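Right, one structure below, let's go through it.
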Amino acid sequence: MNKKEIFDSSLIIRDELKLKNDFEVNPIDTTLLPIPPFSLSDDIKLIILGQDPTVKIPESRLKIKHTLNLDKGGSLRKYINDICIALEISFENVYATNVFKYFYTIPPERTMNVIYSHLDKNLELLERELSNYPDVPIVTLGLPVLRLLTKENSEVSYFWDYNRRTKLTDGAFKFCIGSENKLRRDFFPLPHQPSLAKDFYSSNLQDYLKFVKSKI
């Protein structure tokens, strides 16, 4: 699938879901168009997967033109670039996309029942989209997308081998195996950029990325 096909498909899904199952709390926002994936080249070596483009401030949504705002500068782009450096992959070789490419009226992590209801068709589209890159490693950003693709009680810290007693990692890092998730692809769960404010993630990020590099 090319970007136009992905955009057109997400628009159809958005409008069908809006008609079929419109929630009073956090309905789909049809005043904004879906956001296309971000990539700078056809030579893709890393996939970044987010949940959806609905940032907290409504006015800021108008400024979003590509997934994760990676066409602009800022702390999130720096975070992705740091991930690339650790994996020895150029930022030019990144492909970033969301499970949900359209907007909701409020960030969906506050109303997970809504996006669970809307997941199937969006997941079908995502699987077709990612089939363009069958051997490219995937990292997910944040807790909500991890829970969406696995279990409602999943934790990023589990894959980072968090020890609740010591509040440190024991270092036996893991990734999410394709046979154990809804995406049916292996992926590496990372915290979203704001979670790096937590010492556990900031102090163990480079070690987890070394683990990722050893597996790809």
Side-chain angles (χ1 to χ4, degrees), residues 1-22 27-30 32-54 64-71 80 83-84 87 89 91-104 108-109 112-152 154 175-190 192 212 215-216:
M1 301 184 76
N2 59 40
K3 289 182 182 179
K4 184 180 184 306
E5 290 171 330
I6 294 165
F7 174 87
D8 290 345
S9 296
S10 61
L11 192 60
I12 291 169
I13 290 170
R14 183 200 72 172
D15 292 345
E16 287 180 348
L17 289 174
K18 178 75 172 181
L19 289 172
K20 180 180 178 181
N21 192 10
D22 191 19
I28 293 170
D29 185 351
T30 54
L32 297 170
L33 291 172
I35 299 302
F38 171 86
S39 63
L40 295 175
S41 79
D42 294 327
D43 184 17
I44 303 303
K45 297 181 180 178
L46 180 67
I47 294 168
I48 307 289
L49 182 58
Q51 180 177 279
D52 70 279
T54 316
I64 299 175
K65 303 301 179 186
H66 290 87
T67 300
L68 300 175
N69 262 337
L70 291 185
D71 55 321
I80 301 302
I83 292 169
C84 290
L87 300 181
I89 292 171
F91 184 80
E92 306 286 322
N93 302 123
V94 163
Y95 182 91
T97 193
N98 284 319
V99 179
F100 299 87
K101 294 164 177 60
Y102 53 79
F103 290 86
Y104 288 85
E109 63 264 25
M112 291 296 284
N113 65 304
V114 175
I115 57 173
Y116 278 119
S117 175
H118 292 167
L119 178 59
D120 288 350
K121 286 189 175 296
N122 284 284
L123 192 56
E124 289 173 12
L125 172 59
L126 181 64
E127 287 187 275
R128 285 190 285 129
E129 176 185 3
L130 297 187
S131 69
N132 292 338
Y133 315 105
D135 301 315
V136 175
I138 300 170
V139 300
T140 57
L141 289 186
L143 183 60
V145 68
L146 172 63
R147 290 181 170 176
L148 199 65
L149 297 176
T150 54
K151 301 175 182 177
E152 292 186 37
S154 294
F175 59 89
C176 191
I177 301 169
S179 60
E180 298 178 358
N181 66 66
K182 298 172 188 174
L183 189 59
R184 295 183 288 188
R185 290 274 296 268
D186 295 347
F187 63 80
F188 299 87
L190 295 181
H192 217 316
V212 175
K215 297 296 181 181
I216 64 177

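Heads up: numbering here begins at 1 and tracks the sequence. Keep in mind it's a predicted model, so treat the numbers as computed, not measured.
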Here the gap from S39 atom OG to E92 atom CD, rounded to the nearest 0.5 Å, amounts to 10.5 Å
N93 side chain vs D43 backbone, donor-acceptor pair below 3.5 Å: yes
Is there a side-chain contact (heavy atoms from CB on, under 4.5 Å) between F100 and L119? Walk through the geometry before answering. CA-CA 8 Å; F100 299 87; L119 178 59; 4.1 Å; yes
Taking CG in N2 as the centre, count heavy atoms belonging to other residues, nucleotides or ligands within less than 6.0 Å. Is the count above 12? yes
Less than 3.5 Å apart, any donor N or O on the side chain of S9 or K101 sitting next to an acceptor on the other? no
Check against side-chain contact (heavy atoms from CB on, under 4.5 Å), I47 and F187: CA-CA 9 Å; I47 294 168; F187 63 80; over 6 Å; no
Take a 6.0 Å sphere around NZ of K18 and say whether it holds more than 12 heavy atoms from other residues, nucleotides or ligands. yes
Counting only N and O atoms by type, is there a donor-acceptor contact under 3.5 Å from the side chain of H118 to the main-chain atoms of N21? yes
State the OG1-CZ distance between T140 and F175, to the nearest 0.5 angstrom. 13.0 Å
Output, in order, the C-alpha distance, side-chain angles, deciding distance and verdict of side-chain contact (heavy atoms from CB on, under 4.5 Å) for V136 and Y95. CA-CA 10 Å; V136 175; Y95 182 91; over 6 Å; no
CG on D71 to CD1 on I64, rounded to 0.5 Å: 9.5 Å
Backbone of I6 reached by a side-chain donor or acceptor of S10 within 3.5 Å: yes
Take a 6.0 Å sphere around NZ of K3 and say whether it holds more than 12 heavy atoms from other residues, nucleotides or ligands. yes
